[in-house]
Amino acid sequence: MRRVLCVVGLLGGLSTLSLSLRRLRWVLSLGLTANRGYQSQGRAICRQGFEERRRRFGPVMEGEAFRYPPQYFRIFPRKFMRSSVRGAGLTGGAASPDSRPAASRPAASPKKRKKTEDKSGKLSENGNERSKKSEYRGGKKSEEISHPPSVTRRPPEDWREVFRLIQQMRGSQEAPVDVMGCERLADEKSGAKVMRFQSLVALMISSQTTDQVTSKAIQNLKTNLKGGLCVSGVLQASIEDLESFLYPAGFYRRKAQYIKKTAEILHKDFSDDIPPTVDALCNLPGVGPKMAYLCMQCAWKVNAGIGVDVHVHRISNRLGWVKTSEPEQTRRELESWLPKEHWTPINPLLVGLGQTVCKSRRPLCGKCAVSHLCPSSQVLSNSSAAL
């Protein structure tokens with residue numbers, strides 16, 4: 001009985017194996033058929049291109065490489081190219097440069113040649129120059145921050161009216177930035193150096209963090225650090241203590257390391273004070289252009305540039321004041337036409353507007369005083385759709 005069962009099982013396994021082999025053979029045959037179809041169609045296209053070439057430029061010289069028509073590369077993979085062209089019998093040997101006499105070759109366009117020369121000259125002149133853009137990688141930045149020339153842009157037609165209406169609207173609405181903004185978190189009674197350091201720390205914490213959480217973190221540091229929130233107090237604290245004081249700010253672990261390293265640099269190189277220039281501030285770990293310009297305004301009272309955060313960047317594009325994709329581009333375009341006396345107030349003005357009315361996901365265009373002048377207003381779009 002056992003032998004019979006073994007024989008039956010063996011026969012069943014053999015039948016299953018034969019069926020699998022038949023299926024595999026069928027799949028392979030389909031693949032070969034498709035391959036041959038690709039090759040035959042490729043030969044037809046190559047013949048068509050060859051005839052067109054012969055009609056336009058005359059007979060092909062011996063040993064000349066055949067130049068494939070561009071539609072061949074769009075349709076067929078490169079691995080079928082050699083076999084297709086070889087099967088069409090169009091090449092006289094290995095690929096080589098155009099070997100026709102100079103008289104029979106079509107003359108190159110002078111405009112094209114000039115454009116190529118200009119491009120190559122530009123590349124040879126600047127090809128080896130490294131970009132001096134400020135980049136932060138692992139706590140190291142370039143020593144110099146390049147300031148590209150400002151973009152020349154015509155001021156928008158109704159920007160003064162829009163600016164006035166936003167000021168009027170913001171005067172009647174209180175936003176978190178008006179109470180807990182970074183310039184309001186520093187203690188002016190603690191001394192000039194300490195006040196400037198507290199402003200810098202508040203700006204470092206505020207990155208990707210709400211004003212409420214930033215204010216709470218600053219209060220924790222002032223209360224729990226030995227000597228208060230100053231350079232010596234941060235130097236005495238451990239990284240773990242700083243992390244616990246900063247929580248739940250965004251990226252609080254990384255910010256604790258940045259603040260610790262910044263305090264060490266300020267104690268060693270700046271006598272417990274912060275640098276007085278934008279370039280030097282940007283060289284500190286965790287400090288970008290937006291923080292540097294805002295720090296110059298609120299700590300040093302110097303109007304060096306516009307501090308552009310997500311609110312300023314978003315609202316400026318919505319109003320049609322700029323057409324940019326990055327905050328740094330927005331800063332350069334705004335500075336090109338906005339009068340300098342508006343560089344300092346524009347940040348809290350648009351930040352408060354973004355926190356209360358012009359929100360990122362669901363803007364309250366019905367409550368906005370400039371909706372009739374805003375090209376991105378949903379009120380205008382809804383009224384036009386109704387008409």
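Counting begins at 1 with the first residue of the sequence.
For Lys261 (side chain) and Gly286 (main-chain N/O), no donor-acceptor pair under 3.5 Å exists by modelled atom type. When atom types are taken as modelled, the side chain of Trp343 and the backbone of Leu338 share a donor-acceptor pair closer than 3.5 angstrom. Looking at Asp178, its side chain does come within 3.5 Å of a backbone N or O of Ala175 through a donor-acceptor pair. Proximity of a side-chain donor or acceptor of Ser377 to a complementary backbone N or O of Cys374 within less than 3.5 Å is not detected. A distance-only check finds a donor-acceptor pair linking the side chain of Ser244 to the backbone of Asp241 [under 3.5 Å]. Checking side-chain atoms of Gln297 against main-chain N and O of Gly305 turns up a donor-acceptor pair under 3.5 Å. Gln173 places no side-chain N or O within 3.5 Å of a backbone atom of Thr356 that could act as its donor or acceptor partner.
For Thr214 and Thr209, the side-chain atoms include no donor-acceptor pair closer than 3.5 Å.
Listed by chain and residue number, nothing satisfies the ring pair (Phe, Tyr, Trp, His ring centres under 6.0 Å) test with His267 (two or more places apart in sequence, or in another chain). For Tyr247, the ring pair (Phe, Tyr, Trp, His ring centres under 6.0 Å) criterion is met by Tyr252, not counting sequence neighbours.
Between Arg331 and Glu335 there is a salt bridge, since a side-chain N of the basic residue sits under 4.0 Å from a carboxylate O of the acidic one.
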Kindly indicate, with the supporting measurements, whether the criterion side chain to side chain contact (heavy atoms under 4.5 Å, CB included) is fulfilled by Val351 and Ile315.
CA-CA 9 Å; Val351 168; Ile315 296 174; over 6 Å; no
Begin with the C-alpha distance, continue with both residues' side-chain angles, and end with the deciding distance and a verdict on side chain to side chain contact (heavy atoms under 4.5 Å, CB included) for Leu165 and His372.
CA-CA 11 Å; Leu165 290 175; His372 62 289; 3.9 Å; yes
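Heavy-atom contacts from other residues, nucleotides or ligands closer than 6.0 Å to CD of Glu157 number 12 or fewer. Environment of CZ in Phe270: crowded, with over 12 heavy atoms of neighbouring residues, nucleotides or ligands closer than 6.0 Å.
Here Gln167 contributes atom CD and Leu353 contributes atom CG; the two are 12.0 Å apart, rounded to the nearest 0.5 Å. Interatomic distance, NZ of Lys323 versus OG of Ser325, reported as 13.5 Å (0.5 Å rounding).
Using a 4.5 Å heavy-atom threshold, the side chains of Asp211 and Gln355 count as touching. In this structure the side chain of Val194 reaches within 4.5 angstrom of the side chain of Gln198, judged on heavy atoms.
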